[in-house]
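If you're wondering where the values come from, they're calculated on a predicted model, not measured in any experiment.
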Amino acid sequence: MLLAGLVGLTVLAVLLGAFADEEWRLVPFLVFLPAFTAGIGSVRQTSIAAVWVVLAESAALLHRPLPTTAANVAMLSFSVVLGALSVVGCGIRIRQQEEINRLRSVSAALQRQMLRPLPVRLGGVTVDGVYEPVEEDSMVGGDVYEVVESPFGVRLLIADVQGKGLPALGAAFAVLVAFREAAQRERELADVAVALDEAVARYNVYAKQQERAPERFVTALLLGFPEGRPAEVVNCGHIPPYAVRGGRAEPLPLRETGLPLGLGALADEPRVAEPLPSAADATLVLCTDGVTEARGPDGTFYPLHSRLRELAATPADSLAAALDDDLHGFAGDRLRDDVALLTVRAG
């Protein structure tokens, strides 16, 4: 189809240049066709376009040459050189795109390997959900989650790093590793959040020293399920969880919402954990902004609250999949950020 269009344009230009008046000569404009092809086509298509243009211009100049021999030679030489450069540029573009695609695939595969497969049941807590890295635009994002069983009960993390690409992925892994260690070491959930904040700060210092990327922050939500006590939560600038029970879905009104991880030094007060008593009889829904910022065909954001209300009667073990299907039905192929969506049930 592409080559057919180029041939059609070339034939039209040659005919106009050969049979119209002198001022309508369009042959010189043919030299730009290989450059156009190089931007969207293959090396083979660009080569064919370059050869075709040279042959077409040669035929046109034989039929109606330019005023001087030097002008004819210059026209053909320019066409040959620009055609060759277009072929080389097309090859460079394709190699770069292939390298980017490989990097995206490796990054996404690495991210999947670092995250725990779902569903998982630990210490009476069942965590299910969906994680989908979007391998477009600026490569994968920095969404992570983890659930561990510690001496202080089951602890869960969902986090979203600012930005995309390998720097964001590096910050996400720093948070993930720090959580796995701190969740086993720190008795208080708020101290786990402090450890994660320090991990992000260290990562930012390292990235600045290496001149790799600007400082990043991480929104995160930490949930703890200590034995014999109500569940607790520490919100570090993240989307609050929703509680689904009795066919209803409502966002949990958290009193404390701290700064994102990496910005803890700017806070006037230390991070605190608050009780989450509704976790005992509800399915909690946690997500990242890949869900809430997904856009529909008209540009509107995904209405998570209203869609959860419509799906509130869905069985708990199917809720995450149903919500993910609804999200894709709403946004189609317009998802431009990672999607992390978890459902949590205690008891």
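A continuous path of ILVMFWY side-chain contacts below 4.5 Å connects L304 to L319, so both sit in one hydrophobic cluster. Cluster annotation: L284 is connected to L122 through the hydrophobic network of ILVMFWY side chains, with a link wherever side-chain heavy atoms come within less than 4.5 Å. Hydrophobic clustering places L176 together with V127 (ILVMFWY residues linked when any side-chain heavy atoms are closer than 4.5 Å, directly or through intermediates). When hydrophobic clusters are built by joining Ile, Leu, Val, Met, Phe, Trp and Tyr residues whose side-chain heavy atoms come closer than 4.5 Å, directly or via intermediates, L221 is not grouped with V194. V285 and V130 fall into different hydrophobic clusters, where Ile, Leu, Val, Met, Phe, Trp and Tyr residues are linked whenever their side-chain heavy atoms come under 4.5 Å apart, directly or through other members.
For the 3.5 Å distance criterion, the side chains of D128 and T343 fail to qualify, holding no donor opposite an acceptor. The closest side-chain donor-acceptor pair between R121 and T126 falls under 3.5 angstrom.
Scanning all heavy atoms of the two residues, the minimum distance from A183 to V148 falls at CB-CG2, 3.5 Å. Scanning both residues, P251 and Y242, for their nearest heavy atoms gives N-CD2, 3.5 Å. Among all heavy-atom pairs drawn from R271 and A190, the shortest one is O-CB, 3.5 Å. Counting all heavy atoms, side chain and backbone alike, Y203 lies closest to A171 at CZ-N, 3.4 Å. Counting all heavy atoms, side chain and backbone alike, Y131 lies closest to A340 at CD1-CB, 4.2 Å. Here the closest non-hydrogen pair linking V234 and V272 is CG2-O, 3.7 Å.
Residue D160 holds its CG atom at 13.0 Å from SG of C236, rounded to the nearest 0.5 Å. Remark: D324 CG to C287 SG distance equals 11.5 Å, nearest 0.5 Å. Summarising the geometry, atom CG belonging to L308 is positioned 9.0 Å from atom CG belonging to D326; distances are rounded to the nearest 0.5 Å. Considering NE2 of H238 and OG1 of T257, their distance stands at 11.5 Å, rounded to 0.5 Å. Note that the CG atom of L261 and the CZ atom of F179 stand 11.5 Å from one another [nearest 0.5 Å]. The CZ atom of R185 sits 12.0 Å away from the OG atom of S150 when rounded to the nearest 0.5 Å.
Without hydrogens or angle criteria, E250 side chain to R309 main chain gives no donor-acceptor distance under 3.5 Å. Using modelled atom types, one side-chain atom of Q45 and one backbone atom of S42 make a donor-acceptor pair closer than 3.5 Å. Within the 3.5 Å criterion, the main-chain N or O of E186 finds no donor-acceptor partner in the side chain of D191. At distances below 3.5 Å, at least one donor-acceptor pair connects side-chain atoms of N204 with backbone N or O atoms of R216. At least one donor-acceptor pair under 3.5 Å links the side chain of E274 to the backbone N or O of R255. Side-chain N or O atoms of T300 include none that pairs as donor or acceptor with a backbone N or O of G296 at under 3.5 Å. Judged purely by atom type and a 3.5 angstrom limit, S77 uses its side chain to pair as donor or acceptor with the backbone of V73.
Side-chain contact between L342 and V147 is absent, with no heavy atoms from C-beta onward closer than 4.5 Å. Looking at P230 and L276, their side chains never come closer than 4.5 Å, going by heavy atoms from C-beta outward. Between V175 and L157, some side-chain heavy-atom pair lies under the 4.5 Å cut-off. Side-chain atoms of L222 and L156, non-hydrogen and from C-beta on, never get closer than 4.5 Å to each other. Residues L223 and V154 fail the side-chain proximity criterion, which asks for heavy atoms closer than 4.5 Å. L196 is not listed as a side-chain neighbour of V218, based on a closest heavy-atom distance of 4.5 Å or more. Counting heavy atoms from C-beta outward, L252 and P240 have side chains that stay 4.5 Å or more apart. By the 4.5 Å heavy-atom criterion applied to side chains, F217 and L259 are not counted as neighbours.
Ring planes of Y302 and F330: perpendicular class, angle over 60° (limits at 30 and 60°).
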*Apply the test side-chain contact (heavy atoms from CB on, under 4.5 Å) to residues L327 and V291: give CA-CA distance (whole Å), side-chain angles for both, the deciding distance (0.1 Å), then the verdict.*
CA-CA 7 Å; L327 175 66; V291 176; 4.2 Å; yes

*Report the C-alpha separation of L286 and V344 in whole Å, then their side-chain angles, then the decisive distance to 0.1 Å, and conclude whether the side-chain contact (heavy atoms from CB on, under 4.5 Å) test is met.*
CA-CA 8 Å; L286 290 65; V344 185; 4.0 Å; yes

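With respect to R155 and E146, no salt bridge is recorded, no charged nitrogen being found less than 4.0 Å from a carboxylate O.
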